[in-house]
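What follows is a set of notes on a single structure, which appears directly below.
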Amino acid sequence: MARQALHLFDGFQHTILRCLNSNTASLSQVRQAHAHILKTGLSNEIRFNSKLLSLYANHQCFADADLVLDSVPEPNVFSFSTLIYAYSKFSHLNHALRLFSRMLSHGIFPDSYVLPSAIKACAGPSAFRAGRQVHGIASVSGLASDSFVQSALVHMYIKCNHLTDAHKLLDTMPEPDVVSWSALVSGYARQGYVSKAKGAFHEMENLGIEPNSVSWNGIIAGFNQSGRYSEAIMMFQEMHLLGFKPDGTSISSVLPAVGDLENFEMGIQIHGYVIKLGIGMDKCVISALIDMYGKCACTSELSQVFDEMGYLDLGACNALVAGLSRNGLADEALMVFRQFKGQGMDLNVVSWTSMIACCSQNGKDMEALDLFREMQIAGVKPNSVTIPCLLPACGNIAALLHGKAAHGFSLRRGMSDDVYVGSALIDMYAKCGKIQGSRYCFDGMPNRNLVCWNAIMAGYAMHGKAKEATEIFDLMQSSGQKPDFISFTCLLSAFSQSGLTEEGRYYFNSMSREHGIEARVEHYACMVTLLGRAGKLDEAYSMIKKMPFMPDACIWGALLSSCRVYNNMSLGEVAAKKLFELEPRNPGNYILLSNIYASKGKWNEADKARDKMKKMGLRKNPGYSWIEVKNKDVEEQEKEQILCGHSEKLAVAFGLLNTCPGTPLRVIKNLRICGDCHAVIKFISSFEGREIFVRDTNRFHHFKDGVCSCGDHW
DNA sequence: ATAGGGTTAG
């Protein structure tokens, strides 16, 4: 009996040792082994403890690992190094550093094994001071010339964006290696210093070091980073020509460039190559393929790649959602997202963010707000990409409270200095009618890029504040930021809102003369609106005729709207004729023309235009506006019939009457303000000196004392 | 036991 027990015990011990020596031990096996070691008194032996440490660390059970370390009577550098390595491997950088300093305070000297791990823990801009300190410790310990330590230091300087220091260090290295040089190449490349990356690449070659695939991939990534997609593809081809076999990384580095250039032919070729190379199961390659097909608008290939995958990978799922969303398939994207969630997938911040972006870009604003809440309930923390994806949804439906909540969130989480967050906040406040809020955000930004400047100008344009928009434009240039074509679109539309014809003309001409920016169709559309609103309809028309390209529906639409404001029948007919060809299914065009006729008392022609619309099946019961009908020489009863079907927007307008009279501001989402609404709201604003803001898609009407800022006469 | 590269959200 005793012999049997002993035999069993021996067997058990054997298992324990085997478990300790394998790296695949499950967590419960490790815990059993741990219990056994404690029971048998082996826990004082450093080799068992170290093994336990590394097993717990590899399972990321750091609390257990810490306990083991605490129980070691005389920990050596090996005990610490195991845990420090694991902490930096799993990105618990602060813990790794804390442990390193604890080791030093135990009087344990670092060796060339623990230093690289400690240095790796400093590989991030925020830990650069600590990195310098560890570098100092390495020098004091006489280990600064160790090749592993030097490689780690090079890597640390690169990750801290101190590329020059890294380069200097590499130049002094007695045994430079391909790994460190490749790291420098891709370090330069990721920062967009493509020529420096190429320089380092050649320097490496001159040192007699053969570049490997990592070096090549670094260069490709660099071109992508700086938006130089064709060059990225050229490097890929050159690599191929020189006999380097591209690996999964090369493929996933080059595919985004192929997608951004929408080069479908090349995408197909690379897909074939992937299959030939036998790397079609690499999850990054699959994600990159899905993304590429999505960018090339090949939705069937996209789903095919996903379906053939045979297993669920989060990156691929996210790429699928993004691909569907990019191609306007918002409902499908939502469906697969819900499916993934139902299947218990561990959706990450990218998954949620891309779904929110999909909703806010496809008119599902309420859904976007719901998803934001849902993601937080699911325990996923929104980041500085999530906020700029969410904010447009708040702006679209003028959900100021939600927008403010997101603003507060970004302040608390320290992401308000991000240029994307800032630009999105500026846009959100402007769309919610709070242009002062936009300006407040703008003024508080520590760094601004072109998008920020354009966002605040677009805000002022939306609010018809041309003076402020011009001030920003001047400020922008004196701060050294060059305007682009969007800056001019914002500026010109601000002038057209304010009727500043001369200023508009001046800036339109200065665009190509002083800034080297050729006028695009949207600039001409702004000019046509500008001239049209000012009543200079013939000039607007001659501008259209002088345009260096075919005028599109926006141009003719701008002219027709102006013709309606001034009831210019002959030009209105010209514009309408073009529009009926360009966009036959836009009911607004028929109504505008019909109203021009009605204003001239030509009720026959007016009815004809409306019949044409009805025949297209566009509106069942289009009524006339009260502005026209009130002057028609018919019985009151018939007037009522003519007006029938034109009540929806009026109801909204009259709804304003039911709001509390003290309320100074109302914002109605995306209401196309027709003449009747305009007249009614103007009338309401004359009571009690009320101020009313209404957003008409992308411009505001500011009503006060019976006058509207837009100057239209209704 | 120590060192490098890729995909997906603005």
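Looking at heavy-atom distances under 4.0 Å, A/Ser180 makes no contact with the nucleic acid at all. A/Ala322 comes within 4.0 angstrom of sugar-phosphate atoms only, judged by non-hydrogen atoms across all strands, and of no base. The residue A/Ser253 sits close only to the backbone: its heavy atoms come under 4.0 Å of sugar-phosphate atoms, none of a base. The residue A/Asn383 sits close to a base: some heavy atom pair falls under 4.0 Å. Nucleic acid contact class of A/Phe148 (heavy atoms, under 4.0 Å, all strands): base. Residue A/Ser384 is in base contact, counting any heavy-atom pair closer than 4.0 Å across all strands shown. Across all strands, A/Asn217 comes closer than 4.0 Å to base atoms (heavy-atom distances). In this structure, A/Gly218 reaches neither bases nor backbone, as no heavy-atom distance under 4.0 Å exists between it and the strands shown. Across all strands shown, A/Ser213 has heavy atoms under 4.0 Å from base atoms, whether or not it also approaches the sugar-phosphate. Counting non-hydrogen atoms under 4.0 angstrom, A/Ser354 reaches the backbone sugars and phosphates but no base.
Side-chain nitrogen and oxygen atoms of A/Tyr85 include at least one within less than 4.0 Å of the OP1 or OP2 phosphate oxygen of B/dA3.
Of the candidates B/dA3, B/dG4, B/dG6, the closest approach to any side-chain atom of A/Asn212 belongs to B/dG4.
Ionic pairing of A/Arg413 and A/Asp418 is not present here: no N-O contact between side-chain nitrogen and carboxylate oxygen is shorter than 4.0 angstrom. Salt-bridge formation is detected for the pair A/Arg326/A/Asp291: a Lys NZ or Arg NE/NH1/NH2 atom is positioned less than 4.0 Å from an Asp or Glu carboxylate oxygen.
By the 30° and 60° cut-offs, the orientation of the rings of A/Tyr193 relative to A/Tyr188 is perpendicular.
Against DNA chain B, the stretch residues 418-430 of chain A makes heavy-atom approaches under 4.0 Å through A/Asp418, A/Tyr420.
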List the atom pairs, with distances to 0.1 Å, where a side-chain N or O of residues 278-286 of chain A and a protein N or O form a donor-acceptor pair under 3.5 Å, not counting sequence neighbours.
from: A/Asp282; atom 1: OD1; to: A/Cys284; atom 2: N; distance (Å): 2.9
from: A/Asp282; atom 1: OD1; to: A/Val285; atom 2: N; distance (Å): 3.3

